[in-house]
Amino acid sequence: MEWMIMPLKRYADFSGRSRRQEYWMFVLFQVLVLVAMGVVIGIIGAAGSGGAMDTIGGIIILLFVLIYLGLFVVPMLAVQVRRFHDQDKSGWFILLSFVPAVGGIIMLVFMCLEGTHGPNQYGEDPKGAGAASTFD
């Protein structure tokens, strides 16, 4: 659970390095939050029978989306930048996600790549010296 919320603790920290485990556990946490939000939105939508309830339901859904964006967009960008730093690449590589059609695939590949071993220009190895991990 610690790995899932670590990017929230390092909310807007774009410096340093992050392990693959930190990134992918945060992605899993986001998926779980989105599924929970989808269930709540589905219940609200099913409860609405027209009239005022649809308006209130729409406002609640909008608030959920705004809260989600406020909480998760900045840490997601920060953890992606730190993943690039772990690979000894500039954080500006995050702009590759804006390339139509293939940007998401390129980002997926980069997020799956292992980081450089030992220290690099962005900091110490997040795995630590000689630390072995089966996941990362």
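Within a 6.0 Å radius of OH in Tyr11, more than 12 heavy atoms belonging to other residues, nucleotides or ligands are found.
Considering Arg17, Lys89, Gln121 as possible partners of Thr116, the one that fulfils the side-chain contact (heavy atoms from CB on, under 4.5 Å) test is Arg17. Residue Glu114 is tested with Gln87, Lys127, Arg19 for a side chain to side chain donor-acceptor pair (under 3.5 Å); the sole match is Lys127.
Hydrophobic cluster membership differs between Leu62 and Phe72, with clusters built from Ile, Leu, Val, Met, Phe, Trp and Tyr side chains linked at under 4.5 angstrom. Put simply, Leu34 and Ile67 are part of the same group of oily side chains (I, L, V, M, F, W, Y) that touch within less than 4.5 Å, one to the next. Residue Met111 is grouped with residue Leu108 when hydrophobic side chains (ILVMFWY) are merged at heavy-atom distances under 4.5 angstrom, including chains of intermediate members. When hydrophobic clusters are built by joining Ile, Leu, Val, Met, Phe, Trp and Tyr residues whose side-chain heavy atoms come closer than 4.5 Å, directly or via intermediates, Val102 is grouped together with Leu113.
In terms of the side-chain contact (heavy atoms from CB on, under 4.5 Å) criterion, residue partners of Val81 (sequence neighbours excluded) are, by chain and number, Phe14, His85, Ile94. In this structure Val39 satisfies the side-chain contact (heavy atoms from CB on, under 4.5 Å) test together with Ile43, sequence neighbours excluded.
Counting all heavy atoms, side chain and backbone alike, Gly118 lies closest to Asp125 at N-OD2, 3.1 Å. Nearest heavy-atom pair across Phe110 and Arg83 is O-NH2, 4.2 Å. Of all heavy-atom pairs between Asp86 and Pro126, the closest is OD1-CD, 3.4 Å. Of all heavy-atom pairs spanning Ile106 and Leu96, the tightest one is CG2-CD1, 3.7 Å.
Met76 CE to Leu69 CG: the interatomic distance, rounded to the nearest 0.5 Å, is 13.0 Å. Within the model, atoms CZ of Phe84 and OH of Tyr122 stand 11.0 Å from one another, a figure rounded to the nearest 0.5 Å. If you take CG on Leu66 and CG on Leu71, they are separated by 11.0 Å, rounding to the nearest 0.5 Å. For the atom pair CG of Leu95 and OG of Ser90, the computed distance is 8.5 Å after rounding to the nearest 0.5 Å. Met25 contributes atom CE, which lies 14.0 Å from atom OG of Ser18 (distance to the nearest 0.5 angstrom).
Between Arg82 and Glu22, at least one side-chain nitrogen of the basic residue sits less than 4.0 Å from a carboxylate oxygen of the acidic one, meeting the salt-bridge criterion.
Looking at heavy atoms from C-beta onward, Gln30 lies in side-chain contact with Tyr68 at the 4.5 angstrom threshold.
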